[in-house]
Amino acid sequence: MGLIIRSSRIHAAGCYTTAPIKQGTKVVEYTGPRLKPQDCVDLYDDSGSTYLFGMEGDMLVIDGHGMAAFVNHSCDPNCETDEVDGHVWIVATRNIAPEEELTYDYNLYDGEDLNDAPCHCGAKKCRGTMYEPEEIARLKRLARQGKAKAPAKKKKPHRRAA
Ligand SMILES: C[S@@+](CC[C@H](N)C(=O)[O-])C[C@H]1O[C@@H](n2cnc3c(N)ncnc32)[C@H](O)[C@@H]1O
Ligand SMILES: [Zn+2]
């Protein structure tokens, strides 16, 4: 299996396969330093992007440094993430053809404003945001109650797919 990083129509750089990938294949591991959530608060403050991935029930966060960190979000993805024995894998949810961009649903959580993670995946069923449905509901509820948090002080970690 060959993976390459190149320009993406979804966002900046993306991760593509040069060879066919079969459904169920563990494509690439999400690697990088593992941090406590409280130690990630200022990371990526000055960036429009985040490379953080919550794992172990959100008790630990991976600061993505490898190829997997270039996999963009889609609301109609061809991969999902799976936590196996302390490792996070990006796994194909269908057969993927050469030249396709790899994507998974970030299901972002721990947000501050529904508008701060717009989605440009282009899928017919795009939900318009990279937040997970439960987080969308929570942020809408907070906004209705006038309890939205102060402007973003931190970027949202990713979350593994349910
Ligand atoms: C882990 S990085 C992915 C790699 C990124 N494209 C790059 O070139 O560095 C995650 C960031 O990419 C951007 N991104 C990924 N998928 C996106 C999407 N569907 N719509 C909008 N931005 C997206 C967001 O800024 C997000 O915080
Ligand atoms: Zn989308």
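Worth saying up front: this structure is predicted, and the values here are computed from it rather than measured. Reckoned from all heavy atoms, side chains included, excluding hydrogens, waters and symmetry mates. Order of appearance sets the numbers: ligands from 1, and atoms from 1 within every ligand.
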Give me the ring orientation class for Tyr104 and Tyr30: parallel if the planes are under 30° apart, tilted from 30 to 60°, perpendicular past 60°. perpendicular
Distance-only N or O hit between ligand 1 and Met130, under 3.5 Å: no
For ligand 1 and Tyr30, I'd like to know whether there is a polar contact (N/O to N/O, distance under 3.5 Å). no
Considering only heavy atoms of Pro118, which atoms of ligand 1 have at least one such atom less than 4.0 Å away? 20 (N), 21 (C)
Of all the atoms in ligand 1, which lie at a distance below 4.0 Å from a heavy atom belonging to Cys119? 19 (N), 20 (N)
Is the backbone N or O of Leu52 less than 3.5 Å from a side-chain atom of Asp63, with the two atoms forming a donor-acceptor pair by type? no
Check each of Ser49, Ala69, Cys15 against atom 2 (S) of ligand 1 and report the one with the nearest heavy atom. Ala69
Show your working on ring-ring contact (aromatic ring centres under 6.0 Å, His included) between Tyr51 and Tyr44 and close with a plain yes or no. CA-CA 8 Å; Tyr51 295 85; Tyr44 305 108; 5.4 Å; yes
Ligand 1 and Ser74, any nitrogen or oxygen pair closer than 3.5 angstrom? no
Can you sort out which atoms of ligand 1 are near Ala13, meaning under 4.0 Å from one of its heavy atoms? 4 (C), 5 (C), 6 (N), 7 (C), 8 (O)
Cys121 near ligand 1 by a heavy-atom separation under 4.0 Å: yes
Kindly identify the option in Tyr51, Tyr106, Tyr44, Tyr104 whose heavy atom sits closest to atom 9 (O) of ligand 1. Tyr51
Salt-bridge criterion met for Arg94 and Glu100 (N-O under 4.0 Å): yes
Cys126 SG to Cys121 SG via the Zn ion (ligand 2), rounded to 10°, gives 100°
Residues Glu135, Arg141: salt bridge by 4.0 Å N-O rule: no
Counting C-beta onward and ignoring hydrogens, is there a side-chain heavy-atom pair between Ile62 and Val88 closer than 4.5 Å? yes
State whether Asp110 and Arg138 are salt-bridged, where the test is any N-O pair (Lys NZ or Arg NE/NH1/NH2 against Asp/Glu carboxylate O) under 4.0 Å. no
